[in-house]
Every structure is written in structure tokens, then in C-alpha cells.
Amino acid sequence: IKLAHKVKANGVYVPSFNKTKQYSNSEKKNLIIIGSAHNQKEIHIKVKQNCEVIFLSPLFFVKKSKTFLGLHRFNYLSNVNKVSVIPLGGITKSNIRKLKLLSVQGFAGIHLFKKKPASKRPVYIKNNFF
């Protein structure tokens with residue numbers, strides 16, 4: 001919070017592994033607190049930390065995680081808790097249409113928006129692909 005004020009940031013991000021309650025008095029400082037969670041227990045901790053928005057992940061299958069929420073479990077967790085929940089994780093071009101089934105205000109993604117490095121992008125030179 002001190003660093004956020006020093007650099008005149010609008011808010012702070014609290015990762016899911018941070019379980020401290022030191023963010024509960026930040027509403028006096030006009031900071032937006034965004035957190036991330038993976039299950040109901042972590043959502044409850046983020047609500048106690050006064051997070052206005054929570055990234056709930058992973059929604060769909062991702063390689064680095066054995067489990068994912070799926071549409072039904074995500075909808076249940078987002079409707080039970082009275083906080084804005086944003087889906088994150090495993091969102092691709094092929095399953096982005098499924099987000100319409102969720103009752104959310106937006107979504108977040110990393111690989112969906114991340115550009116491939118120039119060495120992995122196809123290069124078009126005079127009728128040839130390399």
C-alpha cells in the first residue's frame with residue numbers, strides 16, 4: 001500500500017497466497033484492491049481483505065493445473081459470494097463463446113492476448129511461409 005501511494009497507483013493486487021489482513025483499512029486511502037482465488041476458502045479470505053474484484057481461476061483446462069472450475073462451479077462460486085468475480089485461466093479463441101453462459105462483467109486472459117515471439121510467428125516472404 002505504501003508503494004502504491006508512492007508511485008500514485010490506483011490500486012493493488014493481492015495474490016492468492018497472501019492471506020494477511022493488512023488490506024482491511026485501505027478504503028480510507030482510495031485504493032482499489034484486486035485479488036485472486038482458486039476456491040471458496042480463498043474467496044472468503046479475499047472478501048475479508050476488502051477486495052473489490054476477485055480473479056477466479058482456472059476456469060478452463062490449463063497445462064500447469066490438474067483441476068479447473070468449469071462453467072457450473074464458477075457460476076456457483078460467483079453467485080454465492082457478493083463480490084465481483086472475473087474468470088481467468090484457460091480462455092482461448094475456441095472456448096471464448098462459452099463465457100456468455102457466465103454471469104460476469106468481464107474476463108481476463110494471459111495467453112489469449114499475449115503475442116507470440118517473432119521467432120515463432122509465421123513469416124510471409126514472396127509466396128513462401130517460413
Side-chain angles (χ1 to χ4, degrees):
I1 293 177
K2 291 178 185 178
L3 178 63
H5 281 294
K6 186 175 182 179
V7 297
K8 297 181 181 176
N10 293 336
V12 293
Y13 168 73
V14 183
S16 61
F17 59 83
N18 187 332
K19 311 234 187 291
T20 61
K21 295 181 183 178
Q22 64 185 1
Y23 305 100
S24 59
N25 62 355
S26 62
E27 63 267 353
K28 299 173 187 173
K29 300 177 182 178
N30 296 326
L31 285 176
I32 299 170
I33 302 173
I34 298 174
S36 64
H38 304 326
N39 53 39
Q40 179 63 35
K41 184 179 178 182
E42 291 178 358
I43 291 173
H44 187 65
I45 292 169
K46 296 304 164 194
V47 170
K48 284 185 176 181
Q49 291 176 337
N50 289 339
C51 291
E52 295 177 30
V53 178
I54 298 173
F55 291 116
L56 189 55
S57 69
L59 175 61
F60 298 116
F61 174 78
V62 291
K63 291 179 184 177
K64 67 179 186 176
S65 176
K66 293 179 183 177
T67 61
F68 61 95
L69 294 170
L71 297 173
H72 298 291
R73 197 173 323 152
F74 180 89
N75 262 342
Y76 174 74
L77 289 175
S78 62
N79 289 333
V80 166
N81 301 291
K82 304 299 179 201
V83 65
S84 295
V85 179
I86 303 292
L88 171 67
I91 299 171
T92 61
K93 289 180 183 178
S94 62
N95 61 18
I96 198 165
R97 299 176 99 196
K98 293 179 182 178
L99 295 177
K100 291 181 181 179
L101 300 172
L102 302 175
S103 55
V104 294
Q105 297 172 349
F107 68 98
I110 297 171
H111 293 288
L112 180 64
F113 302 111
K114 187 177 172 182
K115 286 187 176 181
K116 292 181 182 177
S119 62
K120 294 186 178 181
R121 279 185 273 178
V123 178
Y124 181 73
I125 300 175
K126 295 184 183 178
N127 300 327
N128 293 321
F129 283 101
F130 296 97

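Everything numeric here is computed off the predicted structure, so don't read it as measured data.
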Kindly indicate whether the side chain of V47, heavy atoms from C-beta on, has any atom under 4.5 Å from the side chain of K82.
no

Heavy-atom side-chain proximity of L77 to I43 below 4.5 angstrom
yes

Could I get the full list of side-chain contact (heavy atoms from CB on, under 4.5 Å) partners for [X], not counting sequence neighbours?
X: V80; answer: Y76
X: I86; answer: V53, F55, A108
X: L102; answer: L59, L71, F74, N75, P87, L99, V104

Roughly how far apart are [X] [atom1] and [Y] [atom2], rounded to 0.5 Å?
X: I54; Y: H44; atom1: CD1; atom2: NE2; answer: 11.0 Å
X: H38; Y: L88; atom1: NE2; atom2: CG; answer: 9.0 Å
X: C51; Y: I32; atom1: SG; atom2: CD1; answer: 12.0 Å
X: Q49; Y: K19; atom1: CD; atom2: NZ; answer: 8.5 Å
X: N18; Y: K46; atom1: CG; atom2: NZ; answer: 5.5 Å
X: K6; Y: L3; atom1: NZ; atom2: CG; answer: 7.5 Å

How about K98: does its NZ atom have over 12 heavy atoms from other parts shown lying under 6.0 Å from it?
no

How close do [X] and [Y] get, heavy atom to heavy atom, and via which atoms?
X: E42; Y: S16; value: OE1-CB, 3.6 Å
X: A4; Y: G11; value: CB-O, 4.3 Å
X: Y13; Y: G35; value: CE1-C, 4.2 Å

Once side-chain hydrogen bond (donor to acceptor under 3.5 Å, both in side chains) is applied, do any residues pair with N79, and if so which ones, sequence neighbours excluded?
S103

Q40: partners by side-chain hydrogen bond (donor to acceptor under 3.5 Å, both in side chains), with sequence neighbours left out
N81

